[in-house]
Amino acid sequence: MRVATYNVNSIRIRLHCLDQLVQDGQPDVICLQETKVTDDAFPYDHAAQLGYPHVAVRGEKSYNGVAILSRHPFEAEERWSWWGQGDSRHLKVTFRDAFELHCFYVPSGGPDPDPEKNPKFAHKLGFLDEMTAWARDARLSGRKVAILGDFNGAPLENDVWNHKKIKRQVGHTPLESEKMATLLDAGGFVDVGRRFVPPEQFLFTWWGYRHPQSFQKNYGWRLDHVWVTPPLADHLQHHQVLSHARAWERPSDHVPVLVDLK
DNA sequence: ATGGTTGTCTCACAA
């Protein structure tokens, strides 16, 4: 089974990118973030025509929003509220006799890495703490669980194009990296990207819009992650970042990440 | 310290 995660930055203006992802990557399951659409206006027909009749959505107007498209049926669908917010940042589906899959859109955290001054950063830290408490309480490590999505954090030095320049910026601060490491440990997760690409090498999934030619200059960050528990890690076969998606017409600032599980 | 760009029932705000 090939699983993809992709922050589309609005699903409705990115349908051509979804088409291209299906053509190039042939994923069985596609987890989307920042769909920016209410559930009633989600392009279900487009997904069905692409071969994904099974769809779980959790959206809201203009902001956030997650969805899971699947070629195969899933048994259950759950939406949990995190950090006391009703926002659309998490979906869980379960594939019978296979694994459970959690799609996350972690808060971006705003511009200032000071939780006293910046409530968005406080929200992000609280969200990560709550994910950690869940991962610990749920005793995941004996089960087949995958959590993936836009974690809005690049925890390792080579998860950004210039660690020294970026280490005080939201998304790559030592505090966030520490919290992500604690979450990884609490769930006993394997970081799939770094299972396949050693930490000595750059690995990016996001190139910002703001810097001109950020992709051509490779000013990238690794914000999108796939983490799996050890019983599921035994089934890992392949990992690929579809970097060329950043050069598609009218692209998202993120690119898809693909993982194959036997 | 600032600005750069993209998207949204746009002229403000989030990323």
Side-chain angles (χ1 to χ4, degrees), chain A residues 5-21 31-43 46 57-67 82-90 103-128 148-155 159-162 164-173 175-176 179-180 204-225 243-257:
Chain A
T5 178
Y6 186 25
N7 179 322
V8 281
N9 186 14
S10 168
I11 185 63
R12 285 178 294 180
I13 63 153
R14 224 66 79 187
L15 289 175
H16 63 290
C17 295
L18 190 63
D19 296 347
Q20 202 64 50
L21 166 59
C31 298
L32 301 170
Q33 301 87 34
E34 282 206 88
T35 53
K36 297 189 175 181
V37 67
T38 51
D39 294 354
D40 60 303
F42 192 88
H46 194 98
V57 294
R58 180 174 183 181
E60 63 188 81
K61 195 174 84 170
S62 302
Y63 303 114
N64 309 324
V66 286
W82 294 82
W83 195 237
Q85 312 280 311
D87 52 7
S88 312
R89 299 182 178 277
H90 170 258
C103 175
F104 278 101
Y105 174 51
V106 174
S108 170
D112 185 356
D114 181 348
E116 303 287 319
K117 294 187 208 150
N118 174 12
K120 288 184 183 142
F121 195 67
H123 179 204
K124 181 180 200 173
L125 299 179
F127 196 100
L128 289 170
L148 56 70
D150 178 3
F151 292 2
N152 261 313
D159 289 343
V160 295
W161 64 277
N162 187 332
K164 276 195 171 178
K165 188 193 279 284
I166 293 169
K167 65 187 178 192
R168 289 173 207 86
Q169 293 182 33
V170 171
H172 189 59
T173 62
L175 179 57
E176 291 165 88
K179 285 196 181 293
M180 287 181 73
F204 307 143
T205 67
W206 176 88
W207 292 262
Y209 289 128
R210 296 184 198 185
H211 200 293
Q213 297 194 305
S214 68
F215 184 56
Q216 289 79 1
K217 293 178 174 173
N218 203 23
Y219 292 170
W221 297 42
R222 184 169 72 117
L223 299 179
D224 303 274
H225 301 265
S243 306
H244 71 274
R246 190 59 180 80
W248 287 342
E249 192 182 334
R250 237 163 140 55
S252 170
D253 42 357
H254 297 252
V255 299
V257 180

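Owing to the predicted nature of the structure, the values given are computational and were not obtained by experimental measurement. We name chains A, B, ... by the order of the sequence lines, and we start the count at 1 in each one.
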| task | Mind telling me whether A:Y219 and A:W161 have parallel, tilted or perpendicular rings, with 30° and 60° as the class edges? | result | parallel
| said: A:F204 vs A:R246, test: side-chain contact (heavy atoms from CB on, under 4.5 Å). Steps then yes/no. | reply: CA-CA 11 Å; A:F204 307 143; A:R246 190 59 180 80; over 6 Å; no
| message | What's the separation between atom CD in A:E249 and atom CZ in A:R14, rounded to the nearest 0.5 Å? | response | 11.0 Å
| message | Work out how far the C1' atom of B:dA14 is from that of B:dT10, and round it to whole angstrom. | response | 12 Å
| said: Less than 4.0 angstrom between a side-chain N/O of A:R210 and OP1 or OP2 of B:dA14, yes or no? | reply: no
| Of the non-hydrogen atoms in A:Y6 and A:C17, which two are nearest, and what is the gap between them? | OH-CB, 3.3 Å
| query | Rounded to the nearest Å, what distance is computed from the CD1 atom of residue A:I11 to the P atom of nucleotide B:dT8? | reply | 11 Å
| query | Taking the side chain of A:Y209 as heavy atoms from C-beta outward, which of B:dC9, B:dT5, B:dA15 is closest to it? | reply | B:dT5
| query | Is A:R250 near enough to B:dG7 that one of its side-chain N or O atoms lies under 4.0 angstrom from OP1 or OP2? | reply | yes
| query | Closest nucleotide of DNA chain B for A:Y63 versus for A:P251: which of these residues is on the 5' side? | reply | A:P251
| task | Starting at atom CG of A:N64, determine the distance to atom P of B:dT8, rounded to an integer number of angstrom. | result | 14 Å
| said: Can you check the distance between B:dG3 and B:dT8, where both ends of the measurement are the P atom (answer in whole Å)? | reply: 25 Å
| Can a side chain N or O of A:R14 be found less than 4.0 Å away from OP1 or OP2 on B:dG7? | yes
| If we take the C1' atom in both B:dC11 and B:dG7, what is their distance in whole Å? | 14 Å
| note | Ordered by number, residues from residues 104-117 of chain A within less than 4.0 Å of DNA chain B (heavy atoms) are A:Y105, A:S108
| said: I need the CG-C1' distance between A:N7 and B:dA14, as an integer number of Å. | reply: 12 Å
| said: So, applying side chain to side chain contact (heavy atoms under 4.5 Å, CB included) with A:Y105, which one of A:N7, A:L32, A:D87 is it? | reply: A:N7
| field | Residue A:E34, side-chain atoms from C-beta onward, closest of B:dG7, B:dA15, B:dC9 | value | B:dA15
| said: How close do A:V160 and A:H172 get, counting heavy atoms only, and between which atoms? | reply: CG2-NE2, 3.4 Å
| request: Might you point out which heavy atoms bring A:Q33 and A:C103 nearest each other, and give the distance in Å? | output: NE2-SG, 3.4 Å
| task | Report the relative orientation of the aromatic rings in A:H225 and A:F151; use parallel for angles under 30°, tilted for 30 to 60°, perpendicular for over 60°. | result | parallel
| request: Choose from B:dC9, B:dA15, B:dG7 the nucleotide whose nearest atom is closest to any side-chain atom of A:K61. | output: B:dC9
| Given B:dC13, is OP1 or OP2 found less than 4.0 Å from the side-chain N or O atoms of A:S62? | no
| query | In whole angstrom, what separates A:I13's CD1 from B:dC9's P? | reply | 11 Å
| task | Between B:dC13 and B:dC9, how far apart are the C1' atoms? Round to whole Å, please. | result | 15 Å
| query | Which comes earlier along DNA chain B counting from the 5' end, the contact point of A:T35 or that of A:P212, where each point is its nearest nucleotide? | reply | A:P212
| query | What integer number of Å spans the C1' atoms of B:dA12 and B:dA1? | reply | 22 Å
| field | Rounded interatomic separation in angstrom, taking CH2 from A:W207 and C1' from B:dA15 | value | 17 Å
